[in-house]
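One structure is given below, encoded as structure tokens.
Below, chain A is the first sequence line, B the second, and so on; all start at residue 1. As the structure is a prediction and not an experimental result, all values here were calculated from the model.
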Number of protein chains: 2
Amino acid sequence: MTASKRARIQDVAKMAGVSSMTVSRVLSNHAKVSDAKRTLVMDAVKALNYRPNVSARRLASNKSFFIGLLYFDSDTSYVSKFLLRGLKSCRLTGHHLVADEIDEDSEKSLASVQELIEVTKVDGIILLPPVCNDTKLLEMLKEKNISFVRIAPDSQFNLSPYICMDDYQASFELTELLIKQGHTKIGHIIGNPNQGVSRLRYQGYLDALRSNKISVPPEYIEQGLFTVDSGLMAAKKILSLPNRPTAIFAANDEMAAGALSAAHMNRLSVPNDLSIVGFDDGHIATAVSPNLTTVRQPIKQMADLAVEIIASGKFSDLSTSNTREYRNVLDFEIIERDSTKKPQET
Amino acid sequence: MTASKRARIQDVAKMAGVSSMTVSRVLSNHAKVSDAKRTLVMDAVKALNYRPNVSARRLASNKSFFIGLLYFDSDTSYVSKFLLRGLKSCRLTGHHLVADEIDEDSEKSLASVQELIEVTKVDGIILLPPVCNDTKLLEMLKEKNISFVRIAPDSQFNLSPYICMDDYQASFELTELLIKQGHTKIGHIIGNPNQGVSRLRYQGYLDALRSNKISVPPEYIEQGLFTVDSGLMAAKKILSLPNRPTAIFAANDEMAAGALSAAHMNRLSVPNDLSIVGFDDGHIATAVSPNLTTVRQPIKQMADLAVEIIASGKFSDLSTSNTREYRNVLDFEIIERDSTKKPQET
DNA sequence: CTGAAAGCGCTTACAG
DNA sequence: CTGAAAGCGCTTACAG
């Protein structure tokens, strides 16, 4: 634990017996350096535990090492989890995250994003849903030639690199989990129609039923809005049916929480009388009781990857045919907790 | 919208007819500058919309313009709200927030904080509860002479500037709100004993009862742990009493959510059969149904103030008697929603 | 109270 | 493939 000064690029250069320029080149991974020198430099970097001074780097280069993060509602655990991880990821790569909430008013938000770009000169921007589907915003970014990566976009998939998980598949598997437990009467609360994932999750549910030769009355399916209240309302309707389902799959955890309340109001015990599953594995999934069986979104990996893509600067030549490598579909995980159980004999 | 380059300190100096040093001094507010020149400089700054380049500043000075934020559990809305606001506040003041989660393992966390200090050379650190009560950590910071401000600390109030709200008073008023609605049989679920606010809130509840000449059987009061589950358990006990209360005051929203579940299990309608109030006004307060009557903590102001205190660097001379000005007790707000109502006639 | 000089630690051209 | 020079936009001494 020698409290010696932090090593500078010159120290590394001296130790490796090269110029500081060579060190710089090795670290930025840009120009070609002979393998011999590269090894020497890397060894010195390790020996001195060298980490470049971000401020000096930023001052000297025209890169800003700032990464923007645009989100809509900060109050969801999706956003705060993404943010927390993004912050960490940025620190590790020597960048800074500049997070900004986007207004519902499209015009105001356009202006604030423009200011963000001008003031901080971000290297790129990460767009969370539903911001990533704002056509006007996307156009503006394209026009200004700002790099951006979108998280779980709904459309225009060729516009930019994007990161998502397979909502359809997750939904399919979650539904099959209920089926395997013995449920055949399974209801569904559809998510907000303004987000594409709602369709995907709905479709996965339908296809899982069909592939298991299960048919379900149309009244088992209700439209929700991703809010607790909408889940409550939808579940109320479903549970008032004469031949009510033994399980309800809500397209996110908030609505599942609402469904839970509806069950309680109807004097139904979860999971004994009714199984409920959610989607996201946010804070709320373990805040309600019983804890929700749900799908864990790979938010950490999403954040890491988003930062990495922007940090690498690779996608500046997106124009060509290599768009494909910017489609990143990550793995999810099904989390089984206490809100599900095989249906009681009737 | 002239897309001209950003103004530099030289531009300001030229326009004001002074040296860049004078501009620097005016902006850093440090040395004495004649009023005449100060005005000239300020005018030029405004005219050119000058904003100092943080990287250059950081590189040249020995200040880092980094502010650390240490928290324990990122999954609470308290932390994510504070973080979001802190991020914004830092951006506005030209600082960067470096947020880090602290491990439960005190040794590991000490090491990681030390690394944070060495690598980023933070100007100061903001400590959220319960991290702000970690004696070993506080000692270490003192020893290394790192400035820090604590949010809602439990003890050692003279150790550093701190920011909090009047938990006692809020609790008192919240209890009185129930009393004014006609409740006299009011239960309480105490918060986690490892946090000082639990005591304050408990005390406020007790004193409100006493000042209204209401006495309550000891069984109306249960110990909780700030978790949903603990609230559920505590409420179950309270509600199983032969002469159960008509209202329950849980010391935070999570436990209030648990109490809500307990009410549902007991076939009790909230607020018709039972009123429930929480504390914090976090995400969960409006995620459960009915939405919780609760106390809103002034988190935004807390974050702003914390950043301001560290940014100002004022408290380096804390040693002397002016400790008093670093005690910041902010205002709260009582939010009345749908979980409370006057008790039914019996 | 004010300014000229030097330097913070990097990277961008510019040479070779 | 490699390096010497200049400069990014500020601030810290050092003078006066």
When you measure from the side chain of A:Lys37, which nucleotide among D:dT2, C:dA13, D:dT11 comes out closest? D:dT2
A:Leu110: which residues meet the side-chain contact (heavy atoms from CB on, under 4.5 Å) condition with it, sequence neighbours left out? A:Lys136, A:Leu137, A:Met140
What is the distance, rounded to the nearest whole Å, between atom CZ of A:Arg38 and atom P of D:dT2? 9 Å
Choose from D:dT11, C:dT11, D:dG3 the nucleotide whose nearest atom is closest to any side-chain atom of B:Arg57. D:dT11
Test of understanding: with salt bridge (charged side-chain N to carboxylate O under 4.0 Å, His left out), list the residues that count as partners of A:Asp304, not counting sequence neighbours. A:Arg85
Of all residues at least two apart in sequence or in a different chain, which pass the side-chain contact (heavy atoms from CB on, under 4.5 Å) check with B:Lys88? none
With A:Thr39, which residues qualify under side-chain contact (heavy atoms from CB on, under 4.5 Å), at least two apart? A:Asp43
In terms of side-chain heavy atoms, does A:Arg327 have a donor or acceptor partner in A:Asn158 at a distance below 3.5 Å? yes
Quick one: side-chain hydrogen bond (donor to acceptor under 3.5 Å, both in side chains) partners of B:Arg57, sequence neighbours excluded? none
Side chains of B:Pro153 and B:Asn133: does their closest heavy-atom pair fall under 4.5 Å? yes
B:Ile151 CD1 to B:Gln297 CD distance, which is reported to the nearest 0.5 Å: 10.5 Å
Stem ranges for DNA chain C, with three or more consecutive Watson-Crick or G-U pairs under 3.5 Å? C:1-3 with D:14-16, C:5-12 with D:5-12, C:14-16 with D:1-3
Are A:Ser34 and D:dT2 close enough that a side-chain N or O sits under 4.0 Å from OP1 or OP2? yes
At less than 4.0 Å, is any side-chain N or O atom of A:Ser55 found next to OP1 or OP2 of C:dC10? Yes or no. no
Using whole Å, report how far CD of A:Gln10 lies from P of D:dG3. 12 Å
Please report, rounded to the nearest Å, how far the C1' atom of D:dT11 is from the CZ atom of B:Arg58. 14 Å
Reckon B:Tyr50 touches a base, only the sugar-phosphate, or nothing at all at heavy-atom distances under 4.0 Å? sugar-phosphate
What protein N or O atoms touch nucleotides 6-8 of chain C N or O atoms at under 3.5 angstrom, if any, and at what distances?
from: C:dC8; atom 1: O2; to: B:Ala60; atom 2: N; distance (Å): 3.4

Apply ring pair (Phe, Tyr, Trp, His ring centres under 6.0 Å) to A:Phe72 and list each qualifying residue two or more places apart in sequence or on a separate chain. none
So, is B:Ser24 close to the D:dT11 phosphate, meaning a side-chain N or O under 4.0 Å from OP1 or OP2? yes
Rounded to whole Å, please give me the gap between CG in A:Asp35 and C1' in D:dT2. 15 Å
Between the protein and nucleotides 14-16 of chain D, list the N/O to N/O atom pairs that are separated by less than 3.5 angstrom.
none

Which whole-number value in Å describes the distance from B:Leu27 CG to C:dT2 P? 14 Å
According to side-chain contact (heavy atoms from CB on, under 4.5 Å), who are the partners of B:Leu138, at least two apart in sequence or on a separate chain? B:Leu127, B:Phe148, B:Arg150, B:Gln156, B:Leu159
What residues, two or more places apart in sequence or in another chain, satisfy salt bridge (charged side-chain N to carboxylate O under 4.0 Å, His left out) together with B:Asp134? none
Can you measure B:Met21 atom CE to C:dT2 atom C1' for me and round it to whole angstrom units? 9 Å
Apply ring pair (Phe, Tyr, Trp, His ring centres under 6.0 Å) to A:Tyr50 and list each qualifying residue two or more places apart in sequence or on a separate chain. none
Within this structure, what is the CG-to-C1' distance between B:Asp11 and D:dC10, rounded to whole angstrom? 13 Å
